[in-house]
Structure formats: C-alpha cells, structure tokens
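Since the model is a prediction, treat every value here as computed from it, not as a measurement. Counting starts at 1 for both ligands and their atoms, following the listed order.
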Amino acid sequence: MEHLIELTADGSPTLFVPALDEHYHSVKGARTESVHIFIDMGLRACPLPAPRVLEVGFGTGLNALLTWDEAERTGRPVRYTTLELYPLSVDEALALGYEGAAGRLRALHEAEWEMPVELSPHFTLRKCRADFTTCSLPAAAFDLVYFDAFAPDKQPAMWSEERFATLFAALSPGGILTTYCAKGEVRRRLQRAGFTVERLPGPPGGKREILRAAKPL
Ligand SMILES: C[S@@+](CC[C@H](N)C(=O)[O-])C[C@H]1O[C@@H](n2cnc3c(N)ncnc32)[C@H](O)[C@@H]1O
C-alpha cells in the first residue's frame with residue numbers, strides 16, 4: 001500500500017495511507033498512543049512472568065519496539081507473535097526513524113518471517129505473514145493481544161464478532177486484549193465473543209476512551 005510519512009502531535013512520525021484515508025497511529029501522538037494502550041494498559045496489566053503477546057498488525061514495528069524496550073528495562077521476557085498481511089520493506093520502516101536502543105528497529109524488520117527469532121534473552125519475535133480476516137490461531141497460546149487493526153469503518157472484516165471469538169479462543173484464561181477503538185458496537189461484539197470489557201481513559205491529548213477486554217479465569 002502506498003503511504004506517506006507524517007509527524008504526529010507528540011513529534012513522533014506515523015504513516016498515512018491515501019488509498020484508505022487512514023493513518024497507522026493516532027495523529028494526536030503515535031508514540032504516546034502506543035505506550036498508553038499497549039504498554040501501560042496491556043503489558044503492565046499482565047501479571048505473568050513471561051507473557052506471550054499476539055499483535056494484530058505489525059505495521060511500522062512501533063508496538064514491538066516499545067515492548068522490547070520494556071522487556072529489557074524490566075528484565076521480564078516477552079514472546080511476541082505478530083500478524084501482518086502487507087509488510088513494509090526494511091527501508092520504509094527505518095525511514096520513520098523511531099527512537100529505540102541502537103539497532104533494535106532494524107533487527108525487528110530484518111528478522112526472518114514465520115519462525116521464532118531470539119533477538120535478545122528477553123525478547124523473541126515471530127512475524128507471520130497472515131490474513132487476520134481468515135487465519136486460524138492456536139488455542140490458549142497467548143496471554144495478551146494488541147489489537148491494532150485499521151479502523152472498523154475502513155476494514156470491517158477485521159472487527160467481526162467471529163474474529164473476536166477467534167482471539168478469545170487464542171487467549172489463555174485471564175488473558176487480555178487492548179485496542180484504541182472504544183465504539184459501542186465493537187465493545188458489544190467483544191462481549192458477545194465472551195470477553196468482559198472495560199472502558200479506560202485514553203492517552204494524554206488523544207481519544208477519550210479505549211477498551212480493555214479480559215477472558216474470564
Ligand atoms: C493500524 S496499522 C498497525 C500499526 C502497527 N501496530 C504499528 O505499531 O505500526 C494496521 C496494520 O494492519 C495491517 N493489515 C491490514 N489488513 C490486514 C489483514 N487482513 N491481516 C493482517 N494484517 C493486516 C496493515 O498492513 C497495517 O500494518
């Protein structure tokens with residue numbers, strides 16, 4: 001998909017996709033949004049000693065980078081699986097210039113696909129070229145889902161009740177899913193798929209609310 005680099009309100013860049021009229025992140029702050037929704041409300045809310053993360057939409061690798069940084073900072077290892085149908089090239093991803101420890105963004109994008117790659121003792125990455133609208137997932141294989149698809153009005157098939165049921169089955173009991181979208185219909189679909197859903201405050205300067213959905217123990 002053709003895309004353009006744009007700066008967001010917190011100074012971090014994102015990509016704009018003209019064909020979809022859609023950004024990869026919030027224009028109110030790409031980094032701020034990702035830290036809040038996926039690290040603060042997701043990873044830090046997961047009590048497990050070695051969480052298994054599933055990301056829907058690898059994109060620029062920003063969520064993976066922030067998660068790797070957090071794993072190094074805390075010493076808590078993360079196994080990170082990410083689904084992506086339209087991978088960026090390494091050059092396209094590096095052009096964003098996201099700040100991270102030296103070489104980490106490149107390592108994320110240069111890692112082999114379809115196999116676990118131990119990028120450090122604290123971070124193992126598995127990138128899967130897969131269509132989330134049709135793929136199957138192993139049961140109870142993940143503890144945390146970063147649901148970061150393009151918006152429901154742009155890609156409705158990513159946000160169906162059936163897809164949420166697939167994610168529900170892929171989570172371990174007590175597992176959680178976070179997403180930036182707090183629309184009532186999305187919340188109800190998550191609930192019908194079995195999740196207990198809470199609305200949480202959105203990132204500073206960004207959306208009013210986000211969603212965190214939990215699979216009961
Ligand atoms: C909002 S962006 C993800 C942003 C990403 N998490 C990041 O940190 O940069 C949505 C992503 O979903 C991917 N995508 C679109 N359709 C898909 C599909 N059917 N299956 C898997 N990924 C898809 C897009 O290519 C894009 O990278």
Side-chain angles (χ1 to χ4, degrees), residues 1-8 10 12-43 53-70 78 80-90 92-100 104-109 111 113-114 123 125-137 142 144-160 162-164 166-167 170 177-183 186 203 206-207 210-211:
M1 281 189 270
E2 192 221 339
H3 55 256
L4 308 164
I5 297 178
E6 280 187 13
L7 268 195
T8 69
D10 67 359
S12 62
T14 190
L15 295 178
F16 174 66
V17 185
L20 284 178
D21 186 24
E22 177 74 334
H23 291 86
Y24 274 54
H25 306 95
S26 167
V27 294
K28 295 179 178 161
R31 193 175 192 287
T32 305
E33 176 194 62
S34 295
V35 168
H36 178 79
I37 300 169
F38 302 111
I39 305 300
D40 291 348
M41 300 296 156
L43 188 59
V53 175
L54 173 70
E55 177 182 43
V56 178
F58 178 63
T60 65
L62 178 58
N63 291 339
L65 179 67
L66 295 169
T67 303
W68 187 0
D69 286 348
E70 177 75 2
V78 174
Y80 197 97
T81 300
T82 183
L83 309 180
E84 177 57 61
L85 188 55
Y86 309 109
L88 299 173
S89 71
V90 176
E92 286 170 331
L94 295 184
L96 281 150
Y98 284 133
E99 271 178 52
R104 278 191 197 151
L105 190 65
R106 177 180 287 279
L108 289 167
H109 285 278
W113 288 76
E114 317 304 339
F123 192 79
L125 175 70
R126 182 167 177 218
K127 296 188 291 188
C128 302
R129 182 128 193 210
D131 183 350
F132 175 69
T133 63
T134 55
C135 71
S136 53
L137 294 169
F142 305 101
L144 187 55
V145 171
Y146 294 172
F147 193 75
D148 202 12
F150 287 133
D153 56 326
K154 309 291 171 156
Q155 287 202 308
M158 303 285 279
W159 300 80
S160 69
E162 183 271 329
R163 289 289 84 195
F164 290 150
T166 299
L167 291 173
L177 172 155
T178 55
T179 186
Y180 64 87
C181 180
K183 286 195 168 144
V186 167
K207 281 180 173 293
I210 62 161
L211 294 183

What's the shortest distance from atom 20 (N) of ligand 1 to any protein heavy atom, and which residue and atom give it?
-> F132 N, 2.9 Å
Per-atom contacts of ligand 1 with L62, taking only distances under 4.0 Å to non-hydrogen atoms = 8 (O)
Which protein heavy atom lies closest to atom 27 (O) of ligand 1, and at what distance to 0.1 Å?
-> E84 OE1, 2.6 Å
Is H3 reaching over with its side chain to a backbone N or O of H23, donor-acceptor style, under 3.5 angstrom?
-> no
Hey, does E55 sit under 4.0 Å from ligand 1 if you only count heavy atoms?
-> yes
Residue and atom name of the nearest protein heavy atom (relative to atom 19 (N) of ligand 1), distance in Å to one decimal = D131 OD1, 2.8 Å
Can you tell which of E22, H25, H23, M158 gets a heavy atom nearest to atom 7 (C) of ligand 1?
-> H25
Heavy-atom distance to atom 6 (N) of ligand 1: which of A130, G57, A157, G59 wins?
-> G57
Quick check: does any side chain N or O of K28 sit under 3.5 Å from a backbone N or O of E33, one acting as donor and the other as acceptor?
-> no
Do the side chain of T14 and the main chain of A30 share a donor and acceptor less than 3.5 angstrom apart?
-> no
Looking at ligand 1, does S34 have a heavy atom less than 4.0 Å from it?
-> no
Check each of F58, F123, F142 against Y80 using the ring-ring contact (aromatic ring centres under 6.0 Å, His included) test, and report the only one that passes.
-> F123
Is it true that Y180 and H36 have ring centroids separated by less than 6.0 Å?
-> no
Checking S160 side chain against P156 main chain: does a donor-acceptor pair fall under 3.5 Å?
-> no
Result of checking T178, T67, T82 against Y146 for side-chain hydrogen bond (donor to acceptor under 3.5 Å, both in side chains) = T67
Should you measure from each heavy atom of Q155, which atoms of ligand 1 turn up under 4.0 Å away?
-> 15 (C), 16 (N)
Decide whether the shortest distance between a heavy atom of F58 and an atom of ligand 1 is less than 4.0 Å.
-> yes
Atom 10 (C) of ligand 1: closest protein heavy atom, distance to 0.1 Å, is D148 O, 3.3 Å
Output the list of atoms in ligand 1 that are nearer than 4.0 Å to some heavy atom of Y86, sorted by atom number.
-> 15 (C), 16 (N), 25 (O)
Any N/O of A149 closer than 3.5 Å to an N/O of ligand 1?
-> no
Might you point out which heavy atoms bring P18 and L4 nearest each other, and give the distance in Å?
-> CG-CD1, 4.2 Å
Output yes when a side-chain donor or acceptor of K127 lies under 3.5 Å from a complementary backbone atom of A111, and no otherwise.
-> yes
Residue, atom and distance of the protein heavy atom nearest atom 9 (O) of ligand 1 read T60 OG1, 2.5 Å
Flag, side chain of K207 to backbone of C181, donor-acceptor distance under 3.5 Å = no
Nearest-contact summary for atom 22 (N) of ligand 1 - protein heavy atom, Å = L85 N, 3.3 Å
